[in-house]
Amino acid sequence: MREVAPALLAWYDRHARSLPWRVPPGGGRADPYRVWLSEIMLQQTTVAAVRAYFLRFTALWPTVEALAAADDAQVMAEWAGLGYYARARNLLACARQVVAQGGFPQDRTALMTLPGIGPYTSAAIAAIAFDQPETVVDGNVERVVARLFAVETPLPAAKPELTRLAATLTPQTRPGDFAQAMMDLGATICTPRNPACALCPLNAMCAAFRAGIAPELPRRSPKPAKPQRIGTAWVALTPDLILLERRPPKGLLGGTLAFPSTGWDNSDSPAPLMAEWQMLEPVEHVFTHFALRLQVHLALLPAPANAARGSWLPRPEFASRDLPGLMRKVWARVLPEIEGG
DNA sequence: TAATCGTGGCG
DNA sequence: TCGCCAAGATT
C-alpha cells in the first residue's frame with residue numbers, strides 16, 4: 001500500500017480543514033504547546049466542542065510557562081463543560097513538569113512519561129510538532145485502516161492489528177500532515193455512517209469499498225447496558241450566598257466545583273445542613289457508563305447556616321459556567337424558583 | 001484486563 | 001427520541 005500516503009497528502013493539500021491549532025499543509029512544524037493543548041482537549045471530544053475552549057485557553061495562557069503558573073481553580077473553571085476532568089488536572093501537572101524540564105521532549109517515549117499523554121497523544125505531538133515519522137492511531141485512523149484492509153475483527157480487540165497496519169502506511173516525509181490527513185479523512189469522508197466513498201481519494205486502494213462493506217466496518221463488540229442510578233443534589237441559598245464544594249480530586253467530576261450531592265457516586269450522606277428542603281423536578285444526565293436521575297433539593301435561608309459540607313460563596317462570584325454540565329443542569333432547574341423571589 | 005471517566009451532536 | 005461515538009488515558 002505504498003501509494004496511500006502520496007494520494008492522501010495530495011488530497012490533504014487541497015482539502016485540509018482550517019483549525020485554530022493547525023499549520024497549513026506543508027507549513028512544517030507547529031508550536032508544541034498548541035499541539036499538545038489541542039490534542040489533550042480533542043481526546044474523545046469533537047472539534048466543534050474544542051474550538052472555543054482552545055481559543056480561550058491560548059488567549060489566557062499563550063505559552064506553557066504561562067499555563068504552568070496558572071491558578072488550579074481557574075484552570076478547572078475554564079475547563080468546566082468540556083468533560084473528562086482528569087484531563088484538566090493532568091494538563092496542569094504536565095505543564096509544570098514540562099517547564100521544570102525546560103520544554104517539551106521531542107521523542108515519543110519521553111512524551112509518554114508525561115501526565116495525560118498516552119500512546120495516541122505522544123505520537124501526535126512527535127509527528128505534528130517535531131516532524132518525527134510516528135504512527136498516530138485514533139478512532140478515525142482505526143476506522144480508515146479497518147476499511148482499507150477490510151479488517152473484520154471487532155474493536156477493541158482489533159486495535160493491535162490496526163495499529164500494525166497503520167504503521168505500514170506512515171511516510172518518512174510529512175508525517176504530521178499525514179496524521180492530520182488521516183484524521184481529516186475519517187472526520188469528513190470515511191465517516192462512521194454513510195461514508196462518502198465516491199469522493200474518497202483512497203477508494204481505489206480500499207478493500208472494504210471493493211467488497212461493498214465499507215459502511216459496516218469497523219465492527220465492534222457489543223457494549224454492556226448502562227445502569228440507572230439515582231442521587232440527590234442540595235442547593236442552599238441565602239440572599240447573598242450560595243453553598244458549593246470542591247469535589248475530591250479523583251473519581252467522577254474529580255476536582256470540579258459542584259453542589260453538594262450524594263447517592264450516585266457510591267457515596268451516601270445526609271443534607272449538608274438542617275433546613276426546609278423543597279424538592280424540584282429531577283435532572284436527567286447520561287454519563288459514559290451510567291444514566292443518572294438527580295433529585296434537586298432547594299433551601300432558601302435568611303442567613304448562612306453552619307454547613308457540614310462545602311462553603312458559602314458570595315453569589316456575585318458564582319457563575320454557572322464554572323460548573324460541569326451536570327451541575328449546570330441542576331442550576332438551570334433552580335433558577336426559575338428564585339427569579340423574582 | 002476491563003472499568004472508569006463527560007459531553008454534545010447527529011442520523 | 002435515543003443510541004452511537006468523538007483527535008484516549010489511567011489504574
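Numbered from 1 within each chain, the chains take letters A, B, ... in sequence-line order.
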Value in whole Å for how far the [atom2] atom of [N] lies from [atom1] of [X]:
X      : N     : atom1 : atom2 : answer
A:L294 : B:dG6 : CG    : P     : 15 Å
A:I125 : C:dG8 : CD1   : P     : 13 Å
A:L111 : C:dA9 : CG    : C1'   : 15 Å
A:I117 : C:dG8 : CD1   : C1'   : 12 Å
A:L253 : B:dC5 : CG    : P     : 9 Å
A:E284 : C:dT1 : CD    : P     : 13 Å
A:W264 : B:dG6 : CH2   : C1'   : 11 Å
A:D265 : B:dC5 : CG    : P     : 8 Å

Any sub-3.5 Å donor-acceptor pair from A:R246's side-chain atoms to A:G255's backbone N or O?
yes
When all nucleic acid strands are considered with a 4.0 Å heavy-atom cut-off, which category describes A:V136: base, sugar-phosphate, or nothing?
nothing
Does [X] make a side-chain N or O approach to OP1 or OP2 of [N] shorter than 4.0 Å?
X      : N     : value
A:R328 : B:dT7 : no
A:H285 : B:dG6 : no
A:K250 : B:dC5 : no
A:Q44  : C:dG8 : yes

For A:Y120 and A:Q43, what are the C-alpha separation, side-chain angles and deciding distance, and is it a side-chain hydrogen bond (donor to acceptor under 3.5 Å, both in side chains)?
CA-CA 9 Å; A:Y120 162 77; A:Q43 289 169 5; over 6 Å; no
Under the side chain to side chain contact (heavy atoms under 4.5 Å, CB included) test, residues paired with [X] that sit two or more places apart:
X      : answer
A:L237 : A:V235, A:I242, A:L298, A:L300, A:R315, A:W331, A:V334, A:I338
A:A196 : A:I189, A:L199
A:R164 : A:E161

Rounded to the nearest 0.5 Å, how far does OG1 of A:T232 lie from CH2 of A:W264?
11.0 Å
Who are the salt bridge (charged side-chain N to carboxylate O under 4.0 Å, His left out) partners of [X], not counting sequence neighbours?
X      : value
A:D177 : A:R174
A:R89  : none
A:E78  : A:R56, A:R321

Nearest heavy atom decides the nucleotide; on that basis, is A:M112 or A:R220 closer to the 5' end of DNA chain C?
A:R220
Anything under 3.5 Å between a protein N or O and an N or O of nucleotides 2-4 of chain B, put it in a table, one pair a line.
none

Give every residue pair that meets the side chain to side chain donor-acceptor pair (under 3.5 Å) criterion with at least one member in residues 181-199 of chain A, sequence neighbours excluded.
A:R17-A:D184, A:R22-A:D184
Please list, in numerical order, the residues of residues 8-42 of chain A that have a heavy atom closer than 4.0 Å to any atom of DNA chain B.
none
For DNA chain B, which residues of residues 77-97 of chain A approach it to below 4.0 angstrom with any heavy atom?
A:G81, A:L82, A:G83, A:Y84, A:Y85
For atom CZ of A:R293, is the number of surrounding heavy atoms from other residues, nucleotides or ligands below 6.0 Å larger than 12?
no
Does a sphere of radius 6.0 Å around CG in A:D71 hold more than 12 heavy atoms from other residues, nucleotides or ligands, not counting ones at 6.0 Å or beyond?
yes
Matching residue for A:L162 among A:T153, A:V145, A:L148 - test: side chain to side chain contact (heavy atoms under 4.5 Å, CB included):
A:V145
Short N/O separations, protein against nucleotides 9-11 of chain B, under 3.5 angstrom:
none

Under 4.0 Å between a side-chain nitrogen and a carboxylate oxygen: does that hold for A:R333 and A:E281?
no
Do A:T45 and B:dG6 share a donor-acceptor pair, side chain to base, under 3.5 Å?
yes
Euclidean distance for P, B:dG8 against C:dA9 (whole angstrom)
22 Å
Which ILVMFWY residues can you reach from A:L301 by hopping between side chains whose heavy atoms are under 4.5 Å apart?
A:W234, A:L241, A:L243, A:L273, A:W277, A:W312
